[in-house]
Protein chains: 2
Amino acid sequence: MSQTRVSIKDIARAAGVSHTTVSRALHDNPLISEKTRARIQDLAREMGYIPDAVAQSLQTRRTGTIGLVVTSIADPFFSDLIEGAEAVAATSGMSIFISASHNDPEREIEVVETFHRRRVDGIIVAASRLSNRYTTRLEHIRVPVVLVNQQAEEEQTLFYSVAVDECQGARLAVEHLLDLGHRRVGYLGLGNRLRSNQQRLEGYREALTWAGIQTPDAWTVIAPLDVVQQEGDVAAGQLFFPQLLDGGISAVFCYNDRVAIGSLMACRALNLAVPQACSLVGFDDIELAHYVTPKLTTIRQPRREMGELAMQMVLDLLDEKPVENQKLVPVLVQRESTGRHKEEGL
Amino acid sequence: MSQTRVSIKDIARAAGVSHTTVSRALHDNPLISEKTRARIQDLAREMGYIPDAVAQSLQTRRTGTIGLVVTSIADPFFSDLIEGAEAVAATSGMSIFISASHNDPEREIEVVETFHRRRVDGIIVAASRLSNRYTTRLEHIRVPVVLVNQQAEEEQTLFYSVAVDECQGARLAVEHLLDLGHRRVGYLGLGNRLRSNQQRLEGYREALTWAGIQTPDAWTVIAPLDVVQQEGDVAAGQLFFPQLLDGGISAVFCYNDRVAIGSLMACRALNLAVPQACSLVGFDDIELAHYVTPKLTTIRQPRREMGELAMQMVLDLLDEKPVENQKLVPVLVQRESTGRHKEEGL
DNA sequence: TTGTAAGCGTTATCAG
DNA sequence: CTGATAACGCTTACAA
């Protein structure tokens, strides 16, 4: 009907009161008579009034929105995280903006600035590569920022954080393999995951060192940044697993489940039985891990919970509640891709 | 430094001009001297000015945002779609809101209304269940709405649409099985996908009828709404595949890849070889389909493209370009889960 | 070329 | 209890 939206002034005119009164009536302000409140609310409904969030935001300095930056939306890791974050945002009537950085720091900071320009109430960045190089561009940001599994090589201290203990996860994986009798354990990493690759590598080395085992260079292969970026994680696993095999390993801890699946494909191509000829451990526990043959043993990362946690942190910050950085402990999920090591002699 | 953000008035004061001049300078308005333009722009940069998108929106009646509603963010189908939509939105400097309806029509309409309240410039709804029952609540929405694969049983005519030809996809699947020599082909559907389940069932029946084959009731099983909602698609496949088997089929067209994977699991549990004992065709071509054993034959649905297309439609509508509803044709991707039917006699 | 003033739709501050 | 009036930060006639 009406070409234009109805505003509180329109209602005021129709009701013969001031727009101030209408605003109050609509907000159940106690300073208003029960009668007019009801009358105005009915009228508003009849007239199809919908408050203008933009105008409200201008006045209240709150938009009720949160910006969420991930490297890739379609990556199951992040889509789970987003879903968790969205779910808790929704319970508070908050809406979320989503944007993908594609692992490009420049793009990432652009997105953050866009969100800031849109006056979001808070920002969550997953796998952030924002390092201290960018602090000058970021320190003027006056809304809460929470980083999830941040990837910058130096620790970012300007912001809050939620992170999984990557190092501990890697140790769990390697210790599991050691428990199964493996001694020659390799690591297949990804060169485009700066920080977490470093940490998982570290955990891998620690676990072996603690067991009194040296780690020759031939036991660790890191797929170079550009091929991962180009071909994806699975292909990287598939491509570089053979190199590791030449190193003489009997088991491999893979950077994540996708790399492990790539390795699985490589094994199949080489006619190597998993886990009989080679044990494989992944990281993340994405859905794929359940449906592949053999089912993947992996380190579970609570993706959804991390999204929920990060969002809850932002909301608490907005309520001026105190919050603490979170370090989550991943757990081992044993399935079929790992088995007891059989000595060559047998 | 400054506790508060810098506005064009602050810049105006610092530059000794009116805020109007600043606004013009920042927008490269030709009505301004080259000199002051440069001076103001430098000053703005120095002072760390960031335009307030909220205030701009209030004035210009454009927010530069698009609302996107999906049933589930973590579902690879939708996350791909979102990624496509986000990518084209980003090229136009648009930001997107994302929200999940969890397949609940009431929640879906709430989200749409929230977006509308936030003055988004356009709305995309995937797998919408908005039927004509809701038109009264929706007809006052004055922004472009594009539905992707809408699921309401009656066709929704109020809005624009992008959809895959489900019926044709189903026919392709069944014809493929017929070509392989199968005659007793079953359909394993999902009761919570109102429209697309109906259409795929229809395509299934058509293909068989055209081949002169009757379709006894025992050949089609539809997993009931509540168990699918509760347990998920894979479990539904796993649970109901055996029923179909009892119907005596030699091949099954599954509602989607997840159902097919569930069926695969069921086969494995029953020690039935795929495709030797039973051929399986899925729908969608999600990533999982590649990595499962045997790799799934499926009907590819161009998910990312559908997101891109829908977003492009919204943008065109905003530019007042004419647009047409899109009906996409899915294609068969033959992999390993289907094979030639061996007559029982052999 | 620049400035003044009005207005976008709200909420908030005061008087009545 | 209610209503003027002034903000919020910006764009855009209309004047100078």
Side-chain angles (χ1 to χ4, degrees), chain A residues 2-41 43-44 47-65 116-121 140 142-143, chain B residues 2-41 43-44 47-65 116-121 140 142-143:
Chain A
S2 61
Q3 211 44 258
T4 171
R5 335 178 73 107
V6 356
S7 74
I8 58 173
K9 287 193 184 167
D10 297 327
I11 302 176
R13 206 170 308 123
V17 298
S18 79
H19 72 277
T20 311
T21 302
V22 175
S23 172
R24 282 199 272 251
L26 261 22
H27 285 269
D28 290 328
N29 186 312
L31 298 178
I32 211 102
S33 83
E34 181 52 47
K35 231 182 77 187
T36 48
R37 189 230 306 298
R39 187 165 61 95
I40 304 270
Q41 289 191 349
L43 193 55
M47 297 176 67
Y49 170 72
I50 294 175
D52 185 324
V54 172
Q56 284 175 321
S57 303
L58 187 59
Q59 176 62 258
T60 61
R61 329 281 302 137
R62 277 282 188 114
T63 54
T65 61
H116 192 224
R117 187 169 54 79
R118 294 200 184 281
R119 298 302 185 251
V120 296
D121 295 336
H140 64 275
R142 312 219 89 80
V143 299
Chain B
S2 60
Q3 210 46 258
T4 170
R5 332 181 74 109
V6 357
S7 75
I8 57 173
K9 285 191 186 166
D10 298 326
I11 301 177
R13 206 170 309 123
V17 298
S18 78
H19 72 277
T20 311
T21 304
V22 175
S23 171
R24 282 198 271 250
L26 261 22
H27 285 271
D28 291 327
N29 186 311
L31 298 179
I32 212 104
S33 85
E34 181 52 46
K35 231 181 77 187
T36 50
R37 187 229 308 297
R39 186 165 63 95
I40 305 270
Q41 290 191 348
L43 193 56
M47 298 177 66
Y49 171 71
I50 295 175
D52 185 324
V54 172
Q56 284 176 321
S57 303
L58 187 58
Q59 175 64 254
T60 61
R61 331 282 300 137
R62 277 284 189 111
T63 54
T65 61
H116 191 222
R117 187 168 54 77
R118 293 201 184 282
R119 299 301 186 252
V120 296
D121 295 336
H140 64 274
R142 311 219 92 77
V143 299

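Within every chain, numbering begins at 1; the chains are lettered A, B, ... in the order of the sequence lines, protein sequences first and strands thereafter. Owing to the predicted nature of the structure, the values given are computational and were not obtained by experimental measurement.
In this structure, the CG atom of A/D28 is 15 Å from the C1' atom of C/dT11, given to the nearest Å. Atom P of nucleotide D/dC10 and atom CG of B/L58 are separated by 12 Å, given to the nearest angstrom. The interatomic distance linking A/R37 (CZ) with D/dC1 (C1') rounds to 12 Å, in whole Å. B/L26 has its CG atom 12 Å from the C1' atom of D/dT11, to the nearest Å. Across the protein-nucleic acid pair, A/I11 atom CD1 and D/dT2 atom P stand 16 Å apart, rounded to whole Å. Look at NZ on A/K9: it is 9 Å from C1' on C/dC8, rounded to the nearest Å.
There is no side-chain donor-acceptor pair under 3.5 Å between B/T20 and B/S23. With hydrogens and angles left out, the side-chain atoms of A/R5 and B/H116 include a donor and acceptor closer than 3.5 Å.
Residues A/L26 and A/R37 form no side-chain contact, since every pair of their non-hydrogen atoms from C-beta on lies 4.5 Å or further apart. Considering only heavy atoms from C-beta on, B/T36 stays 4.5 Å or farther from B/V17 through its side chain.
Neither OP1 nor OP2 of D/dG9 sits under 4.0 Å from any side-chain N or O of B/S7. OP1 or OP2 of C/dT4 has not a single side-chain nitrogen or oxygen of B/S18 nearer than 4.0 Å. Distances shorter than 4.0 Å separate none of the side-chain N or O atoms of A/S57 from OP1 or OP2 on C/dT10. Residue A/Q56 has a polar side-chain atom (N or O) positioned under 4.0 Å from OP1 or OP2 of C/dT11. At C/dT2, one or more side-chain N or O atoms of B/S33 fall inside 4.0 Å of OP1 or OP2 (strictly under the cut-off).
Nearest to the side-chain atoms of B/R24 among the listed nucleotides D/dC14, D/dC1, D/dC10 stands D/dC14. The side chain of A/T60 lies closest to C/dT11 when the candidates are D/dT2, C/dG3, C/dT11. Considering only the side chain of A/H19, C/dT11 comes nearest among D/dT2, D/dT11, C/dT11. In this structure, the nucleotide among C/dG3, D/dT2, C/dG9 sitting nearest to the side chain of B/R61 is C/dG9. The side chain of B/I32 sits closest to C/dT2 out of D/dA4, D/dT11, C/dT2.
For a distance-only test at 3.5 Å, the side chain of B/T20 qualifies as a donor-acceptor partner of the base of C/dT4. The base of D/dA7 lies close enough to the side chain of A/Q59 for a donor and an acceptor atom to sit less than 3.5 Å apart. For C/dG9, its base never sits under 3.5 Å from the side chain of B/R119 at any donor and acceptor pair.
Closest-nucleotide positions on DNA chain C for A/L31 and A/I8 were compared, and the one nearer the 5' end corresponds to A/I8. Residue whose closest nucleotide on DNA chain C sits further toward the 5' end, between A/S23 and B/P30: B/P30.
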* Asked: salt bridge (charged side-chain N to carboxylate O under 4.0 Å, His left out) between A/D52 and B/R117: does it pass, once the steps are laid out?
  -> CA-CA 6 Å; A/D52 185 324; B/R117 187 168 54 77; over 6 Å; no

